[in-house]
There are 2 protein chains.
Amino acid sequence: MLDLRRLRLLRELHERGTIAAVADALQFTPSAVSQQLAVLERETGVALIARAGRGVRLTDAALVLVEHADALLTRAAEAEADLAAASGEVAGRARIATFQSAALHIALPAIETLAGTAPRLRCEVVEAEPESALPALALGDHDLVLADEWEHQPRGLPRGVERHDLLRDPVRIVLPARHRLAREHRETVPLTSLADAHWTAGHEELGWDEMTRWTCRAHGGFDPDIRHRTNDAIVTLGLVARGLTVALLPGLPLLGAPRGVAVRAIADADVRRTVFAATRAADAARPSTGALLGAAREAAARIEEL
Amino acid sequence: MLDLRRLRLLRELHERGTIAAVADALQFTPSAVSQQLAVLERETGVALIARAGRGVRLTDAALVLVEHADALLTRAAEAEADLAAASGEVAGRARIATFQSAALHIALPAIETLAGTAPRLRCEVVEAEPESALPALALGDHDLVLADEWEHQPRGLPRGVERHDLLRDPVRIVLPARHRLAREHRETVPLTSLADAHWTAGHEELGWDEMTRWTCRAHGGFDPDIRHRTNDAIVTLGLVARGLTVALLPGLPLLGAPRGVAVRAIADADVRRTVFAATRAADAARPSTGALLGAAREAAARIEEL
DNA sequence: CTAAAGCAGTAGCGTTGCTACATCGTGCTC
DNA sequence: GAGCACGATGTAGCAACGCTACTGCTTTAG
């Protein structure tokens, strides 16, 4: 492994011509310079210096090495400068795990902002459900997790993970626009009137499915006939638009609701989820973590304004 | 002035995750690694490492430095190689990692050649499977890796590693000589006729096992009953010679097939692997690398003549 | 021919960098 | 929840490194 200090001596020798001059310039004795260059020769196994009269001359091989030394020393100086600049700066790598609708409406806007305000931060997005993403966060696989929590089912957080609430997201009834209840143009729709509908919800054991069954039972008094299962709200909205199903969906995925879909509040019920960001407590002081959280909060605030 | 040795430790820490693993890989005690990284922090005046649970985590600033360290170390390796090229001599130390059959039929002949043509080059052989050897090559543990690639499963190479194809190695059916199908003296044997045989393959997750199962399924339409598992082709040939098993083996290990073993082509199928050498791109200019590659190519060419 | 310049070698000394060992905190297991 | 294993860090001690001071040699200038 080459040593930059010794390479520096070689470069200086090339610049200044004599070992004595190098020693003078770098505040060493000539003996020290001579010894270090001898070590460099031994390490590389290549003759670098030849006596020439009263002084020395660099061999051809040494000239090749001087070129590299120059490049390396320049690069090393840049690295030091860059490191100093980066010490307080938001930089590095940030891995964001998020569920689909938060990806579209929180993570992506946040990353767009960060690309401007923190160009040295490399953001990576992974789509993952909170059930698996939160434990993975604690294990260090992610740096920020966007997750949600239904009111009827609080989420336990792994140890060492902190929660930062972003927005409270009301659940709506989603109907085909040509559905009888949609055409009545009422603001709210009672759940009981949908007891016989075909429902869509997420895969079992995930929050959406839980919430749909819980809400229909608590506020409508029936067990929904769940005919379609997908975790993709966009697919669900497509099913609704084609008149094939109804669903309970929180506001976030409804931001991109297509034509043919009617959104109504649930009559006499206020079902909500909380969307939150989770980080490792150990990362609290990290500049990048703060920037991530700030950008996520900002994106969430812009949504709540709507 | 940054020190490349310390930067190397930082880069290794980034790759391997724990100080203990770095110490293990570089033959130090964890204490030494910890101390050197602490020195690097003091020198630069920037916090690089933070405790995280039982281990450590690199700070954002450290990740910035890792990028530079990577570039610097690569450049330094190129400088060394270039210097060696300028001196023209094939000398130094060459560490070859190879799987068993390539060791016998490529690496050993190559070393024998080099002992004559490049007496100043000290060759060392390590038996290692490509799965672990290729990443280790990138990290500088080896100088040349002999590896193979099955047609149905291309190998990804680590960054900074170059591939040099040596030979294409056809897969054969290996039968006990007294096996019914062997005594028929046909050139080829259909795989389907061996659906009920007892098979031998390598340990799971290595290429040979993969290939055996894939080939039997694709060309024989059955899942082989793998009764014996060894990565040692010589053991396998011993099992075959005693009539205990059949196997699919590429040509390379069959060069030393003992008596009692019959080798047949697979009827109506052409399954092959490519045996290749891998080197670091940074070593391209190094005479010893060129000599190694040349000797390996020569050894491979002698095999293909057979 | 003498004086001065320049480089390399040696002895000595302070510093560096390693190991061995101990300690501490954390996470896993029974 | 206690015990255990693991990872990181701190300390003491020792060897190697890298410097200075000094010496000796060769070469060039005057």
Side-chain angles (χ1 to χ4, degrees), chain A residues 1-44 46-59 62 134-141 156-162 280-285, chain B residues 1-59 62:
Chain A
M1 166 100 40
L2 291 170
D3 181 334
L4 288 185
R5 295 177 314 122
R6 296 198 247 270
L7 288 182
R8 171 137 187 254
L9 293 181
L10 189 71
R11 187 183 64 165
E12 295 285 331
L13 179 58
H14 182 236
E15 301 265 327
R16 301 179 192 273
T18 72
I19 290 182
V22 174
D24 205 45
L26 303 187
Q27 313 274 41
F28 287 129
T29 57
S31 183
V33 176
S34 175
Q35 286 176 48
Q36 287 304 302
L37 289 171
V39 170
L40 185 59
E41 282 193 307
R42 249 193 297 120
E43 280 180 343
T44 58
V46 178
L48 298 172
I49 292 174
R51 289 302 294 259
R54 187 152 67 165
V56 289
R57 165 183 72 69
L58 295 188
T59 64
L134 287 171
L137 171 69
L139 291 174
D141 291 346
L157 291 183
R159 281 202 330 145
V161 167
E162 283 178 345
R280 275 184 299 277
D283 286 349
Chain B
M1 166 97 45
L2 292 169
D3 182 335
L4 288 184
R5 293 178 316 124
R6 294 198 249 271
L7 288 183
R8 169 134 191 256
L9 292 181
L10 189 70
R11 186 184 65 165
E12 297 282 334
L13 178 58
H14 181 238
E15 297 274 330
R16 302 183 191 270
T18 71
I19 289 182
V22 174
D24 206 46
L26 303 188
Q27 313 273 43
F28 287 127
T29 57
S31 185
V33 176
S34 177
Q35 288 174 45
Q36 287 303 304
L37 289 171
V39 170
L40 184 60
E41 280 193 309
R42 257 194 291 120
E43 282 179 342
T44 59
V46 178
L48 298 173
I49 293 175
R51 290 302 295 258
R54 195 152 62 163
V56 290
R57 166 182 73 69
L58 294 187
T59 64

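Letters A, B, ... are given to chains in the order of the sequence lines, protein chains preceding strands, and every chain is numbered from 1. Computed from a prediction, not measured in an experiment: that's the story for all the values here. Scope of the values below: all heavy atoms of this structure, side chains included, with no hydrogens, waters or symmetry mates.
Scanning both residues, B:Ala47 and B:Thr59, for their nearest heavy atoms gives O-OG1, 2.9 Å. Taking every heavy atom of both residues into account, A:Arg6 and A:Leu37 meet most closely at O-CD2, 4.4 Å.
Going from atom CD of B:Gln27 over to atom C1' of C:dC18 covers 14 Å, rounded to whole Å. At whole-Å resolution of the value, CG in A:Leu9 and P in C:dC7 are 13 Å apart. Across the protein-nucleic acid pair, A:Leu58 atom CG and C:dC7 atom P stand 11 Å apart, rounded to whole Å. Distance CG (B:Leu10) to C1' (D:dA8): 16 Å, rounded to an integer number of Å. Atoms CG (B:Asp24) and P (D:dG7) sit 10 Å apart, rounded to a whole Å. Atom CG in B:Leu26 sits about 11 Å away from atom P in C:dT19, given to the nearest Å. Across the protein-nucleic acid pair, B:Met1 atom CE and C:dT16 atom C1' stand 17 Å apart, rounded to whole Å. One atom, CG of A:Leu37, and another, P of C:dG6, lie 16 Å apart when rounded to the nearest Å.
Nearer the 5' end of DNA chain C, as judged by each residue's closest nucleotide, is the contact made by A:Ile19, out of A:Ile19 and B:Thr29.
Side-chain atoms of B:Leu58 and B:Leu10, non-hydrogen and from C-beta on, do get closer than 4.5 Å to each other.
In terms of phosphate contacts, B:Ser31 brings no side-chain nitrogen or oxygen within less than 4.0 Å of OP1 or OP2 of C:dT19.
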Can you tabulate the close N/O pairs, meaning under 3.5 Å, that link protein atoms to atoms of nucleotides 1-6 of chain D?
| unit_1 | atom_1 | unit_2 | atom_2 | d |
| --- | --- | --- | --- | --- |
| D:dA5 | N3 | B:Arg54 | NH1 | 3.4 |

Please write out the pairs of protein N or O atoms and N or O atoms of nucleotides 13-18 of chain D separated by less than 3.5 Å, giving the distance to one decimal.
| unit_1 | atom_1 | unit_2 | atom_2 | d |
| --- | --- | --- | --- | --- |
| D:dG18 | OP1 | A:Arg5 | NH2 | 3.4 |
| D:dG18 | OP1 | A:Arg6 | NH1 | 3.4 |

Handout entry: Working for side chain to side chain contact (heavy atoms under 4.5 Å, CB included), residues B:Leu26 and B:Val33
Key = CA-CA 9 Å; B:Leu26 303 188; B:Val33 176; over 6 Å; no
Problem - Verdict with reasoning, B:Val39 to B:Glu43, per side chain to side chain contact (heavy atoms under 4.5 Å, CB included) - result: CA-CA 6 Å; B:Val39 170; B:Glu43 282 179 342; 4.0 Å; yes
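Here the straight-line distance linking atom OG1 of A:Thr29 with atom CD of A:Gln35 works out to 7.5 Å at 0.5 Å rounding. To the nearest 0.5 Å, atoms CZ (A:Arg8) and CE (B:Met1) are separated by 4.5 Å. Between the CG atom of B:Leu7 and the CG atom of B:Leu2 there is a distance of 5.0 Å, given to the nearest 0.5 Å.
Across all strands, B:Pro30 comes closer than 4.0 Å to base atoms (heavy-atom distances).
Salt bridge status for A:Glu15 with A:Arg11: absent, with no side-chain N to carboxylate O gap under 4.0 Å.
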